[in-house]
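Bear in mind that the values here come from a model prediction, so they are computed numbers and not experimental data.
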Amino acid sequence: MEYNEKAGIWNAYKYDDIKRILTNHVDFSSDFTKATVQVQEGEPFRRSLLSTDPPLHRYLRGTISSAFSTTTIERLGPRIREIANDMINKVIDKGAMDLVSDFSYPLPVTVIAELLGIPAGDRALFKRWADELLKSIDEAVETGVRRRNDSLQQVQKEMDEYFLDIIAEKRRKPGQDLVTRLIEAETDKVKLSQEDVLSFCNLLLQAGHLTTVNLINNCTWSLLEHPQQLEQVRDNPSSLLTPAIEETLRYRSPVQGLVRFTTKEVKVGGKTIKQGERILTWLGSANHDETIFKNSEEFDIARNPNPHIAFGAGIHLCLGAPLARLEANIAMELLLSRLQNLELACDSRSLEPAHGSSFLFSVKSLPLRFDALKN
């Protein structure tokens, strides 16, 4: 544990400390209103599934959890495969592509847009929103304050107007989609407010693709850095692709950190933390803890066991984990089966972070060269 006086935040790095924090929502809250230092000179955060505790969290998660169950998600497999194949078809004859812009970004954005019942063609707009929001999150965690920011306010206004139009349309003509499900949840005894519906829409859109984009990129990158393991996966995808994805989640965790707030004075890692203080749990660090993962700096698809916490832990365990895993599995299977002589088309040292965010392990682009696999 380390205290950053400038930011006024504790940093947790060890696996056991972070697992304890994430699985104890009573002492370590996700609700930012529990912080001693409240947001100042800025606008209040909108509550969401990520920033609530029981019983509200239980209700919010319950309204949508069945849509992300493993059984429900598995039914999406054929459609995900169809979308992914279409995207590869567009670039396969070129012998080159930017994995990010041509495949790893449009694939999960298209999937979550279809689940929400919104136009996948608006994905350039969704990306701009995501970039602005990530900047805001980084600043808020670093300073404890989300300062007034004209561009951020404009993005929030655009998102609200966009989804208010979608919500109005779904009220007139309900569909088999998540937005309709959220609207129908308003008729229960405990209604979802308009703010909660908007917050859910924004969260599902952003969280529904960011992790998967980075997982596909990071898995491809890691395998290309380890050609012997890449060939092993290519030769035996049915048994080795899933372990390769799990090792990617550990080795290059898409989400690097989560914030919690102490509800009472606690001791963590030998340090006394007062009530209402912020703790930043570094998942990426936990997943490289040598006391848990031997040779943690090595990418090893044969690692077993691999108890990584890339999707968090406890009541806030990532709701979209089954979807992210399925999308990554299908994406990697098709990339490796349809493209041969796959290689990076740049020096890996030149790769740039996508968002400039400390909380995501991401790259702005990942140029690839390949040959179409001959039948």
Roughly how far, to the nearest 0.5 Å, is CD of Glu82 from CD1 of Ile80?
11.5 Å
Residues at least two apart in sequence or cross-chain that pass ring-ring contact (aromatic ring centres under 6.0 Å, His included) with Trp10, listed by chain then number, are Tyr3
Taking all heavy atoms of Leu22 and all of Gly312, pick out the closest pair and write down the distance.
CD1-CA, 4.1 Å
Evaluate side chain to side chain contact (heavy atoms under 4.5 Å, CB included) for Ile64 paired with Leu178, printing each intermediate quantity in order.
CA-CA 8 Å; Ile64 208 74; Leu178 295 181; 3.9 Å; yes
Under a plain distance cut-off of 3.5 Å, with no hydrogens placed, do Asp196 and Ser193 share a side-chain donor-acceptor pair?
yes
Heavy-atom side-chain contact between Tyr251 and Ser222 under 4.5 Å
yes
Are side-chain heavy atoms of Ser362 and Val213 found at a separation under 4.5 Å?
no
Looking at Ile216 and Ala331, what are the two nearest heavy atoms and their distance?
CD1-CB, 3.7 Å
Are Phe359 and Ile9 linked, directly or through other ILVMFWY residues, by side chains that come within less than 4.5 angstrom of each other?
yes
Which residues share a side-chain contact (heavy atoms from CB on, under 4.5 Å) with Gln232, sequence neighbours left out:
Gln228, Gln229, Leu240, Ile301
Test of understanding: clusters of I, L, V, M, F, W, Y form through side-chain heavy atoms closer than 4.5 Å, transitively. Do Val266 and Ile18 belong to the same one?
no
Suppose the criterion is salt bridge (charged side-chain N to carboxylate O under 4.0 Å, His left out): which pairs have a residue in residues 241-257, not counting sequence neighbours?
Glu225-Arg252, Glu246-Arg325, Glu247-Arg250, Glu247-Arg303
I would like to know whether Asp16 and Ile292 meet side chain to side chain contact (heavy atoms under 4.5 Å, CB included); could you show each step before the answer?
CA-CA 9 Å; Asp16 288 340; Ile292 306 296; 4.0 Å; yes
Can you pull out every ring-ring contact (aromatic ring centres under 6.0 Å, His included) where at least one residue sits in residues 317-351? Sequence neighbours excluded, please.
none
Which residue pairs satisfy the salt bridge (charged side-chain N to carboxylate O under 4.0 Å, His left out) criterion with at least one member in residues 200-210, sequence neighbours excluded?
none
Could you tell me whether Arg172 and Glu169 make a salt bridge, using a distance below 4.0 angstrom between a side-chain N and a carboxylate O?
no
As an exercise, state the distance from CD of Gln256 to CG of Leu280, rounded to the nearest 0.5 Å.
10.5 Å
Of the non-hydrogen atoms in Pro108 and Ser104, which two are nearest, and what is the gap between them?
CD-O, 2.8 Å
What's the shortest heavy-atom distance between Leu164 and Gln194, and which atoms?
CD2-NE2, 3.3 Å
With sequence neighbours excluded, what pairs up with His308 under the ring-ring contact (aromatic ring centres under 6.0 Å, His included) test?
none
What distance separates Gln275 CD from Phe261 CZ, expressed to the nearest 0.5 Å?
13.5 Å
Would you say Leu258 ends up clustered with Val268 if hydrophobic residues are merged whenever their side chains have heavy atoms under 4.5 Å apart, either directly or through other cluster members?
no
Using side-chain heavy atoms (C-beta onward) and a distance below 4.5 Å, is Trp221 in contact with Phe361?
yes
Is Glu161 salt-bridged to Lys157, going by a charged N under 4.0 Å from an acidic O?
yes
Side-chain donor-acceptor pair present, Ser69, Thr72, cut-off under 3.5 Å
yes
Give every residue pair that meets the salt bridge (charged side-chain N to carboxylate O under 4.0 Å, His left out) criterion with at least one member in residues 333-343, sequence neighbours excluded.
Arg81-Glu333, Glu343-Arg369
So, using ring-ring contact (aromatic ring centres under 6.0 Å, His included) as the criterion, who are the partners of Phe293 when residues are at least two apart?
Tyr15
For Glu290 and Ser296, test the side chains for any donor-to-acceptor distance below 3.5 angstrom and give the result as yes or no.
yes
We want to know whether Ser29 and Asp31 form a side-chain donor-acceptor pair, criterion being a heavy-atom distance below 3.5 angstrom.
no
Would a 4.5 Å heavy-atom cut-off, applied to side chains only, mark Asn329 and Ile245 as touching?
yes
Student check: side-chain heavy atoms of Glu265 and Thr272 closer than 4.5 Å
yes
Closest non-hydrogen atom pair, Ile21 against Ala12
CD1-CB, 4.1 Å
Pairing residues for His316 by the ring-ring contact (aromatic ring centres under 6.0 Å, His included) criterion, not counting sequence neighbours
His57
Qualifying salt bridge (charged side-chain N to carboxylate O under 4.0 Å, His left out) pairs, either residue in residues 53-72, two or more places apart:
Lys34-Asp53
Whether Glu184 and Arg181 form a salt bridge (side-chain N of Lys/Arg under 4.0 Å from carboxylate O of Asp/Glu) is what I want to check.
no
Value for SG (Cys318) from CG (Leu50), rounded to nearest 0.5 Å, stands at 8.5 Å
Mind listing the closest non-hydrogen atom pair of Leu339 and Arg234 along with its distance?
O-NH1, 2.8 Å
Kindly say whether Gln176 contributes a backbone atom to a donor-acceptor pair with the side chain of Thr180 at under 3.5 angstrom?
no
Determine all donor-acceptor pairs shorter than 3.5 Å in which one atom belongs to a side chain in residues 203-212; sequence neighbours excluded.
| from | atom 1 | to | atom 2 | distance (Å) |
| --- | --- | --- | --- | --- |
| His209 | ND1 | Leu205 | O | 2.8 |
| His209 | ND1 | Gln206 | O | 3.3 |
| Thr212 | OG1 | Glu327 | OE1 | 3.2 |

Classify the angle between the aromatic ring planes of Trp129 and Phe163 as parallel (below 30°), tilted (30 to 60°) or perpendicular (above 60°).
tilted
All side-chain contact (heavy atoms from CB on, under 4.5 Å) counterparts of Asp102, not counting sequence neighbours
Val91, Met97, Asp98
For residues Arg260 and Asp27, determine if any side-chain heavy atom of one lies less than 4.5 Å from a side-chain heavy atom of the other.
no
CG/Leu336 to CG/Leu223 distance, rounded to the nearest 0.5 angstrom?
6.5 Å
Kindly indicate whether the side chain of Phe311, heavy atoms from C-beta on, has any atom under 4.5 Å from the side chain of Val255.
no
With no hydrogens and no angle check, is any side-chain donor or acceptor of Ser253 less than 3.5 Å from a backbone partner on Gly284?
no
Do Thr281 and Ile309 have side chains that approach each other closer than 4.5 Å (heavy atoms only, starting at C-beta)?
no
Atom pair CG (Asn236) and CG (Leu241), whose distance is rounded to the nearest 0.5 Å:
10.0 Å
